[in-house]
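Report on the structure given below.
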Amino acid sequence: MNFFIDTANLEQIKEAAQLGVLDGVTTNPSLMAKEGISEPKAVLQHYVDICNLVDGPVSAEVISTNFEGMIKEGEELAALHKNIVVKVPMIAEGIKAIKYFSDKGIKTNCTLIFSAGQALLAAKAGATMVSPFIGRIDDINWDGVQLIEQIVHIYQNYGYATEVLAASIRNPLHILKCAEIGADIATCPLSSIMGLFNHPLTDIGLAKFLADHKNSKG
Ligand code: E4P
């Protein structure tokens, strides 16, 4: 399973990259705004800065909602760095844009996926990856992990190359559940990745090893 970090914060990206288990980054307009980045040139520079920290796919989202606007923005983003993946919303104009980008060899991430039908459309259009938002589904008392399972199953039935990128992860258990059912990628806040380390028996065991070592020195 590939691990992406879901943030536009350079310090958090660096911290995750230093662990040696980071495969990519996803951003969205809300995450960029959280870093105070909205001026167009600054946005483009920030994506380049992220690409320089992680050697893997970096999702950069278009703001336009019509085909022409998405193409213009997406081509500009894709030209920034070889690792840029153009993130496109799951709307009809977005599906047209994904087909266009796919024909041109530009990688795409179809975002705001909340149903298997949407994931099927995105795969047919040639999306490189789809982002089902499992946390937001759980938030309304539905089952986000079940959606991931359904999409993985459908893609396997037809051999679609589109990767399932579990997004809107809220905790380490989400990551594990997605791994169990075969999601290709989980994009996670740093706290959820760090949460995977936690086990009280590891802490107790390490403390005992160190104490025994110290006592054996006499
Ligand atoms: C990433 O690709 C998504 O935009 C992100 O995971 C959404 O997460 P949220 O539901 O926590 O905003």
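Index from 1, following the sequence. First listed ligand is number 1; within each ligand, the first listed atom is number 1.
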For [atom], which protein heavy atom lies nearest, and how many Å away is it?
atom: atom 4 (O) of ligand 1; value: Asn28 ND2, 2.7 Å
atom: atom 8 (O) of ligand 1; value: Ser168 CA, 3.5 Å
atom: atom 3 (C) of ligand 1; value: Phe133 CZ, 3.5 Å
atom: atom 6 (O) of ligand 1; value: Asp6 OD2, 2.5 Å
atom: atom 11 (O) of ligand 1; value: Arg170 NH1, 2.7 Å
atom: atom 12 (O) of ligand 1; value: Arg136 NH2, 2.8 Å

Does one side chain, of [X] or [Y], offer a donor that lies under 3.5 Å from an acceptor on the other?
X: Asn171; Y: Ser192; answer: no
X: Tyr100; Y: Glu75; answer: yes
X: Asn83; Y: Asp55; answer: yes
X: Thr187; Y: Thr26; answer: yes

Within 6.0 Å of CD in Glu76, more than 12 heavy atoms from elsewhere
no
Does ligand 1 have any atom that is closer than 4.0 Å to a heavy atom of Lys87?
yes
Pairs where residues 111-139 contributes a residue and the test salt bridge (Lys or Arg N to Asp or Glu O under 4.0 Å) is met, not counting sequence neighbours
Asp139-Arg170
